[in-house]
Amino acid sequence: MPRTPGADLPDHPDWLWNSPEPKHSYDVVIVGGGGHGLATAYYLAVNHGITNMAVLESGWLAGGNMARNTTIIRSNYLWDESAGLYEHAMKLWEGLEDELDYPLLFSQRGVLNLAHSLQDVRDSKRRVGANRLNGIDAEWLDADQVAEICPILNTSEDLRYPVMGATWQPRAGIAKHDHVAWGFARALDRMGVDLVQNCQVTGFDRIGDRITGVRTTRGDIAAGKVALAAAGSTSVLTDELGLALPIQSHPLQALVSELLEPVHPTVVMSNAVHVYVSQAHKGELVLGAGIDAYNSYGQRGAFHTIERELTAAVELFPMFSRAHVLRTWAGVVDVTPDASAIMGLTPFENLYVNCGWGTGGFKATPGVGWCYAHTIAHDEPHPLNAPFNLDRFATGALVDEHGAAGVAH
Amino acid sequence: MMLIPCPWCGPRNETEFHYGGQADVPYPAEPQELSDVEWARFLFYRANPKGLFSERWNHQAGCRRWFTVRRDTTTNEIFQDDSHEAVTR
Amino acid sequence: MAELHGESPLAARAETLAGSSVPGAVQLSEVAFTAQITLRVDPKSPAAERIGTAVGTMLPNQPGQVARTEQLQILWMGPDEWLLVGPEGSAGRIQATLAEALGEDHGSVVDVSGNRTIVEVTGPRSRELLAKGCALDLHRRSFTSDQCAQTLLARAGVVVLCRDADEPSFWILVRASFARYLADWLADAAAEYRDRTRQAASVRTLANGSDR
Amino acid sequence: MTGEYRLAEGGRINRDRPVRFRFDGHEYEGFDGDTLASALLANGVHQVGTSIRYGRPRGIASAGPEEPNALVQIEEPFPEPMLTATTVALHDGLVASSLPGQGRLATDPDPARYDAINAHCDVLVVGAGPAGLAAALSAARSGARVIIADSDTEFGGSLLGSDEELDHAPAGRWIDRVTAELRATPEVTVLPRTTVFGCYDDNYLVAVEHRGEDTFTRQRTWHVRAREVVLATGSHERPLVFPGNDRPGTMLAGSARTYVHRYGVLPGHRAVAFTTNDSAYAAAVDLHDAGVEIAAVVDVRPVATTLWTARCVERGIQILTNCAVTGTSGTDRVSGAQISPVPSGDSAPTVASELDCDLLLVSGGWNPAVHLHSQARGTVRYSEEICALVPDRATRGVRTVGAAAGTFTTGECLRTGSEAGSAAARATGFDADPAEVPSSPSGPVTPPQPTWLLPGLSADSDHDQFVDLARDATVADVRKAVGAGMSSVEHIKRFTTIGTAHDQGKTSGLLSSGVIAELLGVEVAQVGATTFRPPYAPVAFAALAGRDRGDLYDPIRVTAMHDWHLAQQCPFENVGQWKRPWYYPRPGEDMDSAVLRECHAVRTGVGMQDVSTLGKIDVQGPDAAEFLDLVYTNKMSTLKVGRIRYGLMCHADGMVFDDGTVMRTDEHRYLISTTSGGAAGVLEWLEDWLQTEWPHLRVHLTSVTEHWATIALAGPRSRDVLARVTSDIDLAADAFPFMSWTDGTVAGRAARVCRISFSGELAFEINVPWWHGREVWDALYEAGSDLDITPYGTETMHVLRAEKGFPIVGQDTDGTVTPHDLGMSWAVSKKKDDFLGMRSFSRADTVRSDRKHLVGLLPPADSAVVPEGTQLVELSELPEPPVPMLGHITSSYRSAALDRPFALALVKSGRDRIGQTVYGHVGDRLVPVEITEPVFYDKEGNRRDG
């Protein structure tokens, strides 16, 4: 009997990584063993020759948002600052499978961002124009062109909020999140970087405003430099230093269906009706929604969010009617006032921060690693992440990626 | 679906409320006297604790009153403030 | 008095509501053109006292409480807010009464008669019908006659008023612009009862119905 | 293997109602009451598919939702992917096929109806087995409001799968009696075929009721808010890991009993039972009594229990203790099992015998179904005693009883259930005593012997030892994961995909933890298990979407004049939830020509627009003026009664977020208007500041948006039209000046008339109570007919205001724009000490001279309209990316008055560039556009008085 095509994943390599005891001292300690922490360590080693380094993970490696996201990769952001960083990430994605020698299942199947109102259309065209001038592949498609790319999408007029068109980024797509994290981890393990799991950072050692190490549930660890990559848990760490950050942690839910014959050729996102959908390699539909409104570290969200998400999904994709939800889950995303990240130096010497990625963290993974590594190695931001400093909240030079508000009058 | 205790209407489903974030962040008395950094604190910086959090909710679909509760951000257990007095931001 | 009041928000849905009514299950109809006045005043103030005297009953001070006079139903809407509902054409009279009783004291009296219309839902399955879109516990133990609540019904903000808990009868006060949506939603929700009168298959579900 | 599989009698099926169905192209017959699985077994069909990775034949392994193998694709009555044959109730016309991996979705629209309902109760009982029924009975008798739900079509749970007696009578009688009493109790809601799949905060549980293919509503989602919850969700039997443990004919022992007792079906004719505990003995005995030949009971334990030994001896069933099944033979179905003594240490097992069989019963013990307990944030612990996870700490208001709590004797389940039911009812204030429970003969249950991996087997056999049948994951896969350095159960789950299939690891979850523990040489408790997440069982998307579909997806808000607009068959624009007329095409007109005609009419004659959707808020109180001074950028306290002023609102960050007019109706009373989309947000925002920041201000806010129907009458002839329908308003410019209002009578109705203009033309805004709106609209339309009065929509309104350079919040702003950026410094008071947003205007970034300003743009007169959203660049030829951008076009139209295209744009230092030419990036062309003042028409404002 032939195996069902696509219903399974490629095998993992025979060896991934060790689980060493932490040493007493490292040149660099990265707090947070998620995608960003691992990618940062990787580029610190590869681009800057730093290998006396540990990545400390409070639980199991890449078990936070990296294990919980919907794996969408795109770079079609509005503002130059975001476009620069995300497009840099996109270029790295395009070579990452070879570089890590790991099957990341990176699939450039394109992403459609739907427009459901006249203002959506204006905003979409504005973003497409900005993307193209920034050298990012982007097109505006009318409803008929959208239907050609994704025939199962309901583009009829009778939708409550009809699809009036969409932006299309052909190079966008998805990858297999665990494989990405494990690819970085395996490479780091080979380069002698310590990946320390079940090691919770509980505080910092400091002399005045200079950070000299971290305190952990597995002992104190001295560090030349400490880089935070803890997403939703960042403020819990910085509170230890009295360092306030403008981030709020919210639940972000996702869900997955049973394995289905291929029906969905691309990735569809709709901010207006709060749903995004792709069909993963094994055949399961992967859906995400908007964040839950309230702060939470619970890694669980409210059910009405799921119901609303599925209502939108079935309206947009009538054929999903009898698909089944197998599993729902939630991550903890750290959101900033301008929906853009914070990456750079802190008021503390030798302490670096990367957080506030909200719902956009996964797609930025290699780009974050590249730029954050540069920031740590040179003690100054890479040009691409310079705009994402903390000062912008004081000056008002925000990078507002919320997009335009609903049209008035 | 949390049950949020409106001090007036009693416990109602989370969907009837609008979230207001951290409580007790008063509007500065003399905004014009503040430095940009101090002003940014008021505009953008809010506590983000893991555990008990004093936060504001508005009973949007009900009596439209704003009120404060203390909620554990890891379990969503809510401990209501008794006072019916107007809350502060 | 339609010549006085023109066209009600659900005039165009009168047939929909009537057609969705099923004897022995639910009846739906619009109660149009009522006078509705929003009153804001400090319940502890002398003004509140005076108003109580003027309208013939103290302003209800319990959340969700409804006071009745011959002419008026006075709905608690908030700690210092009430909605007075009177017969059509009486808005001016009610406002005058309230304004006079309020005098110079701080408070507000606003004619909101056009703001909301009313859908009356009666019949043994009223509670089940409303439960399809209302998360409040409408059981007679929890939501009794002359009790009201501001809440959501389907995706519309409403005021639910229990007129009679024993012979179930409810008023749903809904914003005029949402009224047609709500009427359509109610009709769709009631469709199964119409169907049941045809289908024997309904017997099992009736036996398991939640409206107990 | 041939022969009869359906017993001549017995079972709870209705033999008077045969049901015909098709599976994989073959016609079969079963009975009402069968599942697809029991009907297939009754027809001798055991293999129902092939496995996902290796294409190995797979059979029916269970009789319930834990089924890892028997996945089917429903073809008729309507395609549905990936259901388990063990949970599909047989019905006429059912056509199904085996499903090797991926399910198939229908291409036709789903004709079924789905809905949702909210329910409240004092006590929710999940599961209607012995524990659940007893719990519900105790609670119900107290008068408490009780809901009892069970996935199965009938109540009874595990009792349905046994011949147990209660009070010396078949258990069925007790089940029927209790069920009948519950149905007859007024405050009890009885929900069979209802799966509670989620448990959320504050005892909010979600269930889906399968009402049947023939009913009006196919599935109903229940949202239950329970004061107390009793979880009596039972347990799932655990299979055993051994070489060839996936062959069709291999079945959980308890499930085989269920097929015999509930469905009157023999799953085979000659069986071997392989077990680590007593439950397989019960199966062997029952199957024997039903006519199945039992080749042997193979027990890994050194000694079998006396009770079961005796029962086996009576029947001549041989027991092989301290033995294990170490291999199976057969192709499409098991034909034999190799039996070996359990080797001591690592010595390889020696095959003592091979027993022929067509049925291999397995039991590795029972896993309590702790899913909902765990979803409710209850903790679980590994019990060495029963070798399974059991509830540890429970959350408030949640009790777990019966097998779900690790209690496996019927007597104990009944007793603890009854007590939990009364305790739950008492907790909600009812005087409840535990209902008396029937006597049960079932004796004590001896714990299983922990058995995860059989010792001594060669590594080659790893590939034949399946841990997760659904994912085709073997011991070899787990060994590889461990060998790759994985030690976390979460990592190994992802590495092997164990537990990720449709069953979410109901049979494989803990089993894999046990295997991992052995391979790592640690305790199972250390390994733990992955998190239990909703839903407990798969739920159809449509069931959760319910009735919020089509037009009911989101409310459609309409105005009093909506039917008139409909009658014109005009296209509508969605503005928030509102439907607003977009333009009114006449026969043969496209949008452009219609809009040009409408614009021309307003500029030269008279037009009318339904503007009822604008938000309206009544602001009253002695401090109303002070309050408005704080929330608007400009000063409202100086506004005179009878006058109107335009106002801008900024958030504290200084960015414009709404605008509208402010009408002073009295010394202490204002009526303010907001944007259509912004009304609710503005009111809540105002209440926020009023209640939480300035509670000392004596101000009351009341939304009156829908109280008024509002008609804009605009154009040089608007005064003439209005004059024809009003007698008591002096419409002369000096008597009724611009930006003032008056009360009067319009078309015989009391109206409030304002002289405000969003087009720059002479204009009146007529406000009447909602239910007069249509009538007054008709009257005005009639009154203007000879002047060709022209109704116009949002598009024309947008063009006209753009010609005057009036911005639209949300179109010409995007949350990053200050009043100064808009060139509206005139609307920002310099006399006030403070107002919301003021401080932010002096931030480093907001005082930059090169901020983006709202300016006008003129493309070549003969060129096309430049699309809105177009980015602007400085150079006439595009350099390599990234290309610096100056800003973008926010509004762009063709002007009838100017007979040319024009636009508004946000441009870096725009006001300093007036006169310059920049380029719009359209497609990949560059279109030259000249930067101008934002006001294109009647700069002097001469036309507003007509």
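These figures come from a predicted structure and were not determined experimentally. First the proteins, then the strands, lettered A, B, ... as listed; each starts at 1.
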Trainee: A side-chain contact here means heavy atoms from C-beta on lying under 4.5 Å apart; do C/Ile172 and C/Leu130 qualify?
Mentor: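 Touching, per the 4.5 Å side-chain cut-off.
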Trainee: For chain C and chain B, give me every donor-acceptor pair shorter than 3.5 Å, distances to one decimal.
Mentor:
residue  : atom : partner : partner atom : Å
C/Asp80  : OD1  : B/Arg65 : NH2          : 2.6
C/Gln150 : O    : B/Arg12 : NH1          : 2.7
C/Gln150 : NE2  : B/Gly62 : O            : 3.3
C/Thr151 : N    : B/Ala61 : O            : 3.3
C/Thr151 : OG1  : B/Glu16 : OE2          : 2.4

Trainee: Looking at C/Gly157, C/Ala135, C/Pro63, which one has more heavy-atom pairs under 4.5 Å with chain B than the rest?
Mentor: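 With the most close heavy-atom pairs to chain B, the winner is C/Pro63.
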Trainee: Could you give the distance from CG (C/Leu129) to CG (C/Leu138), rounded to the nearest 0.5 Å?
Mentor: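 If we round to the nearest 0.5 Å, C/Leu129:CG and C/Leu138:CG are 10.5 Å apart.
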Trainee: Is the centre of the B/Phe17 ring less than 6.0 Å from the centre of the B/Phe67 ring?
Mentor: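 Under 6.0 Å, so yes.
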Trainee: What's the separation between atom CD in C/Glu192 and atom CZ in C/Arg125, rounded to the nearest 0.5 Å?
Mentor: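 If I round to the nearest 0.5 Å, the distance is 7.0 Å.
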Trainee: Mark yes or no for whether C/Thr57, through its side chain, and C/Thr69, through its backbone, hold a donor-acceptor pair below 3.5 Å.
Mentor: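 Not at all, since once roles are kept as given, no pair shorter than 3.5 Å links the two residues.
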Trainee: Heavy atoms, side chains only, cut-off 4.5 Å: are C/Val160 and C/Trp171 in contact?
Mentor: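 The answer is no, as the side chains (C-beta and beyond) never meet within the 4.5 Å cut-off.
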